[in-house]
Amino acid sequence: MNFMRGALIALIVITSAFAQTPCVGNLTFPIMQRLVRDILTVSDDQLRTQMRFFAQRMKIVVEPTGCLAAAAVMNQLVPLRGRRVGVIISGGNVDLAQFAGTA
């Protein structure tokens, strides 16, 4: 992974689902190098499923990047069984026409 090697690269698309971030910025990357231990990724399907969960079960619209951490936890990408976990979800910046096809 380029983060682990300390290289800053531009990606065309991080996810084809909704959230598109071309590159971590020159100001953000050094902070990440100092403070971030690892990076997890979730699939587009996992992200869509998590957004659907929030919409159907909790009646809230959460933007794609705002529910990435919850998708990682719900898909057990982090070993947390038996632990109390808090996940911050945020944002409602969603294309509602595209979201309607997800929910």
Side-chain angles (χ1 to χ4, degrees):
M1 181 175 247
N2 289 300
F3 171 74
M4 297 303 189
R5 289 196 316 250
L8 181 60
I9 62 165
L11 299 174
I12 304 230
V13 173
I14 286 182
T15 176
S16 60
F18 307 98
Q20 296 184 9
T21 304
C23 184
V24 174
N26 290 327
L27 297 175
T28 307
F29 191 67
I31 296 168
M32 288 176 61
Q33 286 180 299
R34 197 172 69 246
L35 301 175
V36 175
R37 185 175 49 212
D38 198 3
I39 294 176
L40 299 172
T41 59
V42 298
S43 71
D44 288 348
D45 286 340
Q46 291 169 326
L47 183 60
R48 279 190 279 271
T49 299
Q50 193 61 46
M51 291 178 70
R52 188 178 306 112
F53 170 83
F54 286 130
Q56 291 176 340
R57 299 281 303 274
M58 302 180 85
K59 309 301 185 215
I60 57 175
V61 175
V62 180
E63 66 185 59
T65 54
C67 69
L68 285 170
V73 169
M74 295 297 282
N75 287 281
Q76 300 176 357
L77 301 178
V78 184
L80 300 170
R81 184 169 296 283
R83 299 176 72 185
R84 296 183 97 183
V85 177
V87 176
I88 296 172
I89 56 172
S90 64
N93 186 18
V94 175
D95 178 337
L96 292 178
Q98 192 173 19
F99 182 74
T102 300

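All heavy atoms count here, side chains included; hydrogens, waters and symmetry mates do not. Treat the numbers as computed from the prediction; the structure is a model and nothing was measured.
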A side-chain contact here means heavy atoms from C-beta on lying under 4.5 Å apart; do I89 and I60 qualify? yes
Is there a side-chain contact between I39 and M32 in this structure, where contact means two heavy atoms from C-beta onward sitting under 4.5 Å apart? yes
Taking atom CG of D44 and atom OG1 of T49, what is their separation to the nearest 0.5 Å? 10.5 Å
So, taking the atom named CG in L80 and the one named CE in M74, what distance separates them when rounded to the nearest 0.5 Å? 12.0 Å
Under 4.5 Å between side-chain heavy atoms, counting indirect links through other Ile/Leu/Val/Met/Phe/Trp/Tyr residues: same cluster for L47 and L77 or not? yes
Tell me whether V73 is reachable from I88 by hopping between hydrophobic residues (I, L, V, M, F, W, Y) whose side-chain heavy atoms are closer than 4.5 Å. no
Connected hydrophobic set around I31, excluding itself, where side chains approach under 4.5 Å: L35
For L40 and V78, run side chain to side chain contact (heavy atoms under 4.5 Å, CB included): C-alpha distance rounded to whole Å, both residues' side-chain angles, the deciding distance at 0.1 Å, then the answer. CA-CA 9 Å; L40 299 172; V78 184; 3.2 Å; yes
Could I get the full list of side chain to side chain contact (heavy atoms under 4.5 Å, CB included) partners for A69, not counting sequence neighbours? V87
Could you point out which residue of R57, M51, Q56 forms a side chain to side chain contact (heavy atoms under 4.5 Å, CB included) with F53? R57
